[in-house]
Trainee: 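One structure, pasted below without further comment.
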Amino acid sequence: MFVLGIETSCDETSLAVVRDGKKVLANVIASQNRVHQKFGGVVPELASRAHVEVIDSLFLKALRDSKITSREISLIAVTASPGLKGSLLIGSTFGRALSFASHIPLTEVNHLCAHLAANFLIEKDIKFPAVGLVVSGGHTNLFCLESRSKMKILGETLDDAAGEVFDKVARVLNLEYPGGPSLEKVAKKGDPLAIKFPCAYLGKKSLDFSFSGIKTSVIYYVKKYGSSGDIADIAASFQKAVIKVLVEKVRRAVNLKKTKTLLLGGGVASNRVLRGEMKKFALAEGIDLFIPSPILCTDNAAMVASLGYYLYSQSDQT
Ligand code: KG4
Ligand code: ZN
């Protein structure tokens, strides 16, 4: 079954064709980095316009890459929420129009669950229940996955998302947009033990997150000492603090759900230090860890198509 995935929730326009929820035949991604770079962050109106400009040609390219015709598409999966309203509207309108004109069923997909579904694109045996951590630019959530199509939120950020603090701290340090990857690069040269930034755990049992304290303390540190001499140390110490919290929250969720399966997803999951720390944790605890390849961690339509497939085939059975 060929599923067309459509993703336009933020600043990437992506269309993909995935066979049977697993095999990626096409995954075309147009990044809007150049559009937003000079503003230091995503400008919603410009994002919507940029989606409109490229969505038709990306659709045609996805068909070409996958060597199928539009008649062979059996299902359209489109990101419906969460995301920028105007941006989401472009993808869902495109999907609906195609669905209506070509009589193809359409499934709406939650963007955060789709980030975890990026792990379904690998041919591997995933045992459920599983714990899933989504770390993206707009969200930080822990999920319990009962199956590929049933996911429940266990915890979420009470203020900034993990990716958001990477982006904001990168801006304070005058690093290039997008901030997350720039900060990771600079942090490589720094000492993660140089500065102790505060980690918020919100009590012993909480599965929620709070990153605004770490962010504020980096801002104060930079104001007090200037950012000239030790940017790399600041970046490395900040990165370490965020990752420490993420690992601890995952540990709590895994213990609570008594599971031995952990899935990661979202743009921040492409961070090499985070991947390394999660691998260490999983190895020590005997947990099966799944992390998508970096290109499938950031926004893409293949993950949307995969989740759409599982949601649709599940609803067909019931
Ligand atoms: O999942 P995503 O592509 O879009 C959203 O759904 O938000 O995530 C984008 C976020 C941005 O905040 C970006 O700075 C962050 O992921 N990010 C990273 C890295 N690559 C992307 N953060 C830390 N280290 C990275 N290597
Ligand atoms: Zn995302």
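Numbers here simply count residues along the sequence, with the first being 1. Each ligand, and each atom within it, is numbered from 1 in the order the structure gives.
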Trainee: For atom 2 (P) of ligand 1, find the nearest protein heavy atom and state the residue, atom name and distance (0.1 Å precision).
Mentor: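 Heavy-atom neighbour on the protein nearest atom 2 (P) of ligand 1: Asp299 OD1, 3.4 Å.
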Trainee: Show the atoms of ligand 1 that are less than 4.0 angstrom away from any heavy atom in Gly163.
Mentor: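 So the atoms of ligand 1 that pass are 12 (O).
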Trainee: Do Lys127 and Asp125 sit within salt-bridge range, that is, some charged N less than 4.0 Å from a carboxylate O?
Mentor: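 The answer is yes: the pair qualifies as a salt bridge.
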Trainee: Quick one: which ligand 1 atoms are inside 4.0 Å of a heavy atom on Thr298?
Mentor: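 So the atoms of ligand 1 that pass are 3 (O).
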Trainee: Of all the non-hydrogen atoms in the protein, which one sits nearest to atom 20 (N) of ligand 1, and at what distance?
Mentor: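 Ranked first by proximity to atom 20 (N) of ligand 1 is Ser270 OG, 3.2 Å.
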Trainee: For ligand 1, is there an atom lying under 4.0 Å from some heavy atom of Gly138?
Mentor: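 So Gly138 counts as touching ligand 1.
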Trainee: Consider ligand 1: state whether an atom of it lies below 4.0 angstrom from any non-hydrogen atom of His139.
Mentor: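 Flag not set, His139 not near ligand 1.
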Trainee: Are Glu164 and Lys168 ion-paired here, with the side-chain N under 4.0 Å from a carboxylate O?
Mentor: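 A salt bridge is present here (some side-chain N lies under 4.0 Å from a carboxylate O).
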Trainee: Checking only N/O/S atoms, does Cys10 have one that is under 2.8 Å from the Zn ion (ligand 2)?
Mentor: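 No, Cys10 does not qualify, because none of its backbone or side-chain N, O or S atoms lies under 2.8 Å.
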Trainee: Name the closest protein heavy atom to atom 11 (C) of ligand 1, giving the residue it belongs to and the distance to 0.1 Å.
Mentor: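 The closest heavy atom on the protein side is Asp167 OD2, 3.5 Å.
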Trainee: Taking distance alone, with no angle check, do Gly137 and ligand 1 share an N/O pair under 3.5 Å?
Mentor: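 The answer is yes, given that Gly137 and ligand 1 share an N or O pair closer than 3.5 Å.
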Trainee: So do His51 and Asp11 actually touch side chain to side chain, heavy atoms under 4.5 Å?
Mentor: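 Of all side-chain heavy-atom pairs linking His51 with Asp11, none is under 4.5 Å.
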Trainee: If the threshold is 4.0 Å, N to carboxylate O, is there a salt bridge linking Arg272 and Glu277?
Mentor: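 Salt bridge absent between Arg272 and Glu277.
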Trainee: Who pairs with Arg19 by side-chain contact (heavy atoms from CB on, under 4.5 Å), at least two apart in sequence or on another chain?
Mentor: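 For Arg19 the side-chain contact (heavy atoms from CB on, under 4.5 Å) partners, ignoring immediate neighbours, are Phe2, Lys23, Leu25.
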Trainee: Give the residue and atom name of whichever protein heavy atom lies nearest to atom 15 (C) of ligand 1, and the separation in Å to one decimal.
Mentor: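 Checking every protein heavy atom, the shortest distance to atom 15 (C) of ligand 1 gives Val268 CG2, 3.9 Å.
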Trainee: Kindly give the heavy-atom pair with the smallest separation between Gln32 and Thr13, and that separation in Å.
Mentor: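 That would be NE2-OG1, 3.9 Å.
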Trainee: Would Asp160 and Lys215 pass as an ion pair if we require N to O under 4.0 Å?
Mentor: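 A salt bridge links Asp160 with Lys215.
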Trainee: Are Arg49 and Glu45 ion-paired here, with the side-chain N under 4.0 Å from a carboxylate O?
Mentor: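 Glu45 and Arg49: not salt-bridged.
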Trainee: Does Met278 form a side chain to side chain contact (heavy atoms under 4.5 Å, CB included) with Val247? I'd like the steps, not just the answer.
Mentor: CA-CA 7 Å; Met278 287 291 177; Val247 173; 3.9 Å; yes
Trainee: Taking Gly21's backbone N and O only, do any of them form a donor-acceptor pair with Ser306's side chain (distance below 3.5 Å, no angle check)?
Mentor: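 Yes; judged by distance alone, with no hydrogens or angles, the pair exists.
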Trainee: Asn271 to ligand 1: N or O pair under 3.5 Å?
Mentor: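 N/O-N/O distance below 3.5 Å exists for this pair.
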Trainee: Tell me the protein heavy atom at minimum distance from atom 26 (N) of ligand 1, and give that distance in Å.
Mentor: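 In this structure, atom 26 (N) of ligand 1 has Glu184 OE1, 2.7 Å as its nearest protein heavy atom.
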Trainee: I need the atoms of ligand 1 closer than 4.0 Å to a non-hydrogen atom of Gly267, numbered in the order shown.
Mentor: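 Once the distances to Gly267 are compared, the set is 1 (O), 2 (P), 8 (O), 16 (O), 17 (N), 18 (C), 19 (C), 20 (N), 21 (C).
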Trainee: How is the N/O/S atom of Asp299 that comes nearest to the Zn ion (ligand 2) named?
Mentor: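 Nearest N/O/S atom: OD1.
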Trainee: Out of curiosity, is His115 lining ligand 1, as in a heavy atom under 4.0 Å away?
Mentor: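 Per 4.0 Å heavy-atom rule, His115 contacts ligand 1.
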Trainee: Just give me the atom name: the N, O or S atom of His115 closest to the Zn ion (ligand 2).
Mentor: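 So the atom name we want here is NE2.
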Trainee: Does Gly180, backbone or side chain, put an N or O under 3.5 Å from an N or O of ligand 1?
Mentor: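 Such a contact does occur with ligand 1.
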Trainee: Among protein heavy atoms, which sits nearest to atom 6 (O) of ligand 1, and what does the distance come to when rounded to 0.1 Å?
Mentor: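 Checked against all protein heavy atoms, atom 6 (O) of ligand 1 sits closest to His111 NE2, 3.1 Å.
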Trainee: Apply side-chain contact (heavy atoms from CB on, under 4.5 Å) to Asp167 and list each qualifying residue two or more places apart in sequence or on a separate chain.
Mentor: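 Applying side-chain contact (heavy atoms from CB on, under 4.5 Å) to Asp167 gives none.
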Trainee: At a non-hydrogen distance cut-off of under 4.0 Å, which region of Pro181 contacts ligand 1 (side chain, backbone, both, or neither)?
Mentor: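 Near ligand 1, Pro181 shows its backbone as well as its side chain.
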Trainee: Below 2.8 Å, any N, O or S contact between His111 and the Zn ion (ligand 2)?
Mentor: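 Under 2.8 Å: His111 contacts the Zn ion (ligand 2) through an N, O or S atom.
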Trainee: Indicate, with yes or no, if the rings of Tyr309 and Phe120 have centres closer together than 6.0 Å.
Mentor: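 No, the ring centres sit 6.0 Å or more apart.
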